[in-house]
Amino acid sequence: MADTKILSVSPTDPDPDAIEQAAAVLRKGGLVAFPTETVYGLGADVLNLGAIKKVFEAKGRPSDNPLIVHVAGTKQLDDIVDEIPDKGKTLGEAFWPGPLTLVMKRTILVSDLVTSGLDTVAVRMPGHPVALALIRAFGEGIVGPSANLSGRPSPTAASHVYDDLRGHVDLILDAGPTVIGLESTVVDVTVDPPVILRLGGLTRERIEEAIGNVETDTSGEHGVRSPGTRHRHYAPRAQVILARMGDAAAFGAVLREQRQLGKNVGCIVHSQLLSHLESGDFYRVLPSSMEIFGRYLFRTLRELDALRVDVIVIEGVEEHGLGATIMDRLRRASQG
Ligand code: AMP
Ligand code: MG
C-alpha cells in the first residue's frame with residue numbers, strides 16, 4: 001500500500017460521506033484507523049481473514065495477542081458472542097457504550113486469528129460517535145486494536161497513528177485528540193467472580209459497584225488468560241524510570257545520577273512538591289487530576305521522545321481509581 005489518507009471529521013457529528021468512505025474501505029478488506037473515547041483503533045472487518053492478517057502485520061503485533069472486536073449494538077454482538085453471562089449483561093447495560101471490554105464465549109464465526117486460538121472473544125461497544133457511526137455504516141463488527149506499532153504508547157491523536165503506521169493503513173478518520181487517553185478495561189465474565197485482565201479507562205471501583213467483588217489478574221499464573229499483557233507495552237523509545245510520588249529528594253537524586261551518566265533527561269511530574277523543581281520543555285508538569293493526567297500521558301511520552309531524550313523520569317501516582325490504571329501503564333513502560 002502506498003498512501004495513507006487522512007479525513008477530518010467532527011467528533012460529535014461526523015459527516016456521513018466521510019463515514020461511508022471509511023466503511024467502503026473496510027468492505028474491500030482495507031484498514032481504517034478510527035477514534036474512540038479511549039485511544040485510536042486500527043479497524044478491519046472481523047470476518048475478513050486477509051484484513052485481520054494485515055492488522056497484525058501493520059502493528060508488528062505478536063500473533064498470540066488477540067484482538068478486541070468493536071460492536072455498535074446487539075446485531076453485531078449476536079454474530080460474535082455465543083453466550084452473555086448475567087454479570088456481563090449487567091456490566092454491558094451499565095457501561096456500554098464506554099471504555100469496557102468483555103471477554104465472553106465466541107461463536108464459530110470468529111476466527112482463531114482474531115482470538116489467537118482462544119474459545120473466547122473480547123468485545124467492546126465504544127462510546128465515540130465516530131466509532132459507532134463507522135460500525136453502523138459497515139454493518140458488522142470491526143477489530144480495533146490500538147493503532148500504534150506494537151509496544152509503543154497507544155495513539156491518542158491521528159498524528160500518532162500516522163507516525164507509526166503511515167503506508168500500512170488506508171484511511172485515518174481524524175476527530176481530534178481522544179478524551180480518556182488510556183485503553184479500555186478488559187474483564188473476563190466467563191468466570192465467577194469475573195476477572196479484570198487489564199485495568200483501563202473504567203475503574204475497578206465502578207465495576208464492583210455494579211456487580212460486586214471481582215478478581216484482578218496480576219500474577220503470571222493467569223497470564224494465559226490475558227495473553228497481551230505479557231508483552232512489553234506502552235513504552236516510548238527513551239528508557240522510563242518510575243519515581244516515588246512527592247519525593248523531591250529522591251527525584252532530584254535520580255536526575256543528577258542520569259545527567260552524570262551523560263543522559264538527556266525528560267520528566268513528567270504532577271505533585272505540588274515536584275512541579276517547581278525545574279521548568280522548560282523537557283520538564284512536563286501535568287495536572288494532578290487522574291482523568292487529565294491519563295488523557296495526556298501517552299501524548300507526553302511521544303512528545304518527549306520527539307525531543308530525543310534518552311531517559312524519561314515519571315512521578316508515580318496514587319494507586320486507586322484511574323491512578324491504578326496509570327500505575328499499571330507506568331510500570332510496564334519502565335520494564336525492559
Ligand atoms: P489492545 O487491543 O492492543 O488494546 O489489547 C487487547 C487486550 O485484550 C490485550 O491485553 C489482549 O490480551 C486482551 N484480549 C483480547 N482478546 C482476549 C481474549 N479472548 N481473552 C483474554 N484477553 C483478550
Ligand atoms: Mg494496544
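Please read all numbers here as calculations on a predicted model, not as lab measurements. When a ligand or atom number is given, it counts from 1 through the structure's own listing order.
With a 4.0 Å cut-off on non-hydrogen atoms, Asn65 touches ligand 1 through its side chain and not its backbone. Residue Leu197 touches ligand 1 through its side chain alone, judged by heavy-atom distances below 4.0 Å.
Between the CG atom of Asp163 and the CZ atom of Arg152 there is a distance of 8.0 Å, given to the nearest 0.5 Å. The structure places NE2 of His276 at 9.5 Å from OH of Tyr283, a figure rounded to the nearest 0.5 Å.
If you look at His128 and Phe34, their ring centroids are not closer than 6.0 Å.
Val110 places a side-chain heavy atom less than 4.5 Å from the side chain of Thr115. Residues Leu31 and Val55 form a side-chain contact, since some pair of their non-hydrogen atoms from C-beta on lies under 4.5 Å apart.
Heavy-atom contacts from other residues, nucleotides or ligands closer than 6.0 Å to CZ of Arg259 number more than 12.
Taking every heavy atom of Ser146 and a limit of under 4.0 angstrom, the matching atoms of ligand 1 come to 2 (O), 3 (O). Each of the atoms 18 (C), 19 (N), 20 (N) of ligand 1 lies under 4.0 Å from some heavy atom of Leu118. Heavy-atom contacts of Arg61 reach the following atoms of ligand 1: 1 (P), 2 (O), 3 (O), 5 (O), 6 (C) (cutoff under 4.0 Å). In the vicinity of Pro145, heavy-atom distances shorter than 4.0 Å reach the ligand 1 atoms 2 (O). Heavy-atom proximity to Arg198, at under 4.0 Å, picks out these atoms of ligand 1: 1 (P), 4 (O), 5 (O), 6 (C), 7 (C). Counting the atoms of ligand 1 from 1 in the order shown, those under 4.0 Å from a heavy atom of Val103 are 20 (N), 21 (C).
Residue contact annotation: Thr115 has no non-hydrogen atom under 4.0 Å from ligand 1. Using a non-hydrogen distance threshold of 4.0 Å, Arg106 does not register as a contact of ligand 1.
For the pair Lys59 and ligand 1, the shortest N or O to N or O distance does not fall below 3.5 Å. Any N or O atom pair closer than 3.5 Å counts here, and Glu183 shares no such pair with ligand 1. Ligand 1 has a nitrogen or oxygen under 3.5 angstrom from a nitrogen or oxygen of Thr120.
Judged by distance alone, with hydrogens and angles left aside, the side-chain atoms of Asp310 form a donor-acceptor pair with the main-chain N or O of Asn264 at under 3.5 Å.
Among the atoms of Ser154, none of the N, O or S atoms falls under 2.8 Å from the Mg ion (ligand 2).
A side-chain N or O of Thr36 and one of Arg124 form a donor-acceptor pair less than 3.5 Å apart. Using modelled atom types, one finds no donor on one side chain facing an acceptor on the other under 3.5 Å when comparing Ser154 with Arg329.
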